[in-house]
Every structure is written in C-alpha cells, then in structure tokens.
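Down below is the structure, laid out as structure tokens.
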Amino acid sequence: TGFHRDQIAAVLSPGVPLDWIIIETDAYCEAAANRARPGIVYFNSMTRALGQGIRPTCIYSNSALQYVDDPLAALSEFAASGARAIVLERTPFLTGDITAHALQTLPRGNADRRVAALTLVSSGRVTQCLQEHGFQVALYRTDRAAFRLGGEIIDLYSLLAVRSATGSTI
C-alpha cells in the first residue's frame, strides 16, 4: 500500500524524489494493481525488479524477511542489487547458529493465506552474510519476547547495513 513510503516521504524535503518498489506475493501484486499510485511499483521478486532496470539505493523490510523461503538467499540478493544500505525492521532473529521453521496463524484480514510458514535464522548468520557482501552491520533489539518458538524466547530486531567505504563507520 505504500504506508512506509508515505512515512519516509513526510520527513523528506519537498521535491526529493522517492520511488518505492514493493516486492510482494503474486496475489498481493494483483490486488495492488487496482490501487496503483505515482511513485509506487509492485513486483513479485527482486530479480524481476532488477530485470526492469531498477537499481535501489536503500532496501527497507519491515517484519517480512522471516516469510521468505530462504532469508539468507534473499539478503544475498538484496546485497547484490547494488543498494548502498539495507534496513530490516521488527525482524525476529534466533541466537546460536541455527535455522528454524514454524507456522504462524495470521489475522482474518490477510488476503493471501490464513497460516504462514516462517523461516527464522540467527542474527550471526545474517550479519556474516551481509559482511561477506561488503556491508557494515549494526543490530538493535527493538522488542523483547515478541513470541516463543518451542522453549526459546524470540526478540525482534532492527538492523542497519551500510555498504563499506574506506574510513566509514555506522
């Protein structure tokens, strides 16, 4: 819908262009086609967006990475896009060097499905993946004990990754 785009646009100076590319499921993209508006484009994959010549400056994901089949492959694809920064908000990460799969019951208003498959990875693996692509990474806990997976308490994190340049730090 572009909610996050509108939030960011509100703090930018007037006249600063902000093109927003939303990567979503096929069903979401079809439904959104009826609500298209200037500055927002929908694709069902990063590969398809890149194939259209789109080169992002920043990739922003709000509580979505855990819903893709392979979060580390998605992050690698984000990093390979040429973006200078990657921002992940409200994303659950595990501790230790593990990957876990779970099912989540979704609220009634979800258009695509009632149950979603989650793939959770560790913050260490995410950090390593991005560092291997030349990013500096800062990770911040944003919500304690958001939910449980088995006996483990899962916290939500925000992550800022900036493509490294000589002498730059986060």
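Along the sequence shown, the residues carry numbers beginning at 1.
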Subject >> Pair V87-L159, side chain to side chain contact (heavy atoms under 4.5 Å, CB included): steps then yes or no >> reply: CA-CA 6 Å; V87 178; L159 177 145; over 6 Å; no
Value for CG (L12) from CD (Q7), rounded to nearest 0.5 Å, stands at 12.0 Å
Does the pair E89 and S63 meet the rule for a side chain to side chain contact (heavy atoms under 4.5 Å, CB included), with working shown? CA-CA 6 Å; E89 292 227 63; S63 196; over 6 Å; no
Between the CG atom in L94 and the CG atom in L120, the distance rounded to the nearest 0.5 Å is 5.0 Å
Do the side chains of R141 and L156 get nearer than 4.5 Å, heavy atoms only?
no
Interatomic distance, CH2@W20 vs SG@C58, rounded to 0.5 Å, equals 7.0 Å
Report task. Determine, step by step, whether Y28 and Y42 satisfy the side chain to side chain contact (heavy atoms under 4.5 Å, CB included) criterion, reporting the C-alpha distance in whole Å, the side-chain angles of both residues, the deciding distance to 0.1 Å, and the verdict. Result -> CA-CA 9 Å; Y28 191 98; Y42 294 87; 3.7 Å; yes
* Group every Ile, Leu, Val, Met, Phe, Trp and Tyr by side-chain heavy-atom contacts under 4.5 Å, then state whether Y60 and V162 land in the same group. => yes
Margin query: Is there a side chain to side chain contact (heavy atoms under 4.5 Å, CB included) between D19 and V41? Walk through the geometry before answering.
Written below: CA-CA 8 Å; D19 294 325; V41 181; over 6 Å; no
Heavy atoms of A79 and F135 approach each other most closely as CB-CE1, 3.6 Å
query: Would you call T25 and N44 a side-chain contact if the rule is heavy atoms closer than 4.5 Å?
result: no
_Less than 3.5 Å apart, any donor N or O on the side chain of E77 or T47 sitting next to an acceptor on the other?_
yes
### Task
Dump the intermediate steps for salt bridge (Lys or Arg N to Asp or Glu O under 4.0 Å) on R90 and D155, then the final yes or no.
CA-CA 9 Å; R90 300 182 59 246; D155 296 329; over 6 Å; no
The reported gap from CD1 in I8 to CZ in F3 (rounded to nearest 0.5 angstrom) is 10.5 Å
For I59 and M46, the nearest pair of non-hydrogen atoms, with its separation, is CD1-CE, 3.7 Å
Check your understanding: Are Y157 and V68 connected in a single hydrophobic cluster, I mean Ile/Leu/Val/Met/Phe/Trp/Tyr linked by side-chain heavy atoms less than 4.5 Å apart?
Key -> yes
In short, I54 meets L50 closest at the heavy-atom pair O-CD2, 3.2 Å
CG (L130) and CG (L160) are apart, to the nearest 0.5 Å, by 10.5 Å
Which of I86, L88, L75 passes side chain to side chain contact (heavy atoms under 4.5 Å, CB included) with S61? It is L88
Rounded to the nearest 0.5 Å, the OG1 atom of T119 sits from the CD atom of Q66 at a distance of 9.5 Å
In short, R48 meets F43 closest at the heavy-atom pair CG-CD2, 3.6 Å
Between I23 and I40, is there shared hydrophobic-cluster membership here, with clusters defined by ILVMFWY side-chain heavy atoms closer than 4.5 Å? no
In terms of heavy-atom contacts, E24 and C29 come closest through O-SG, 3.9 Å
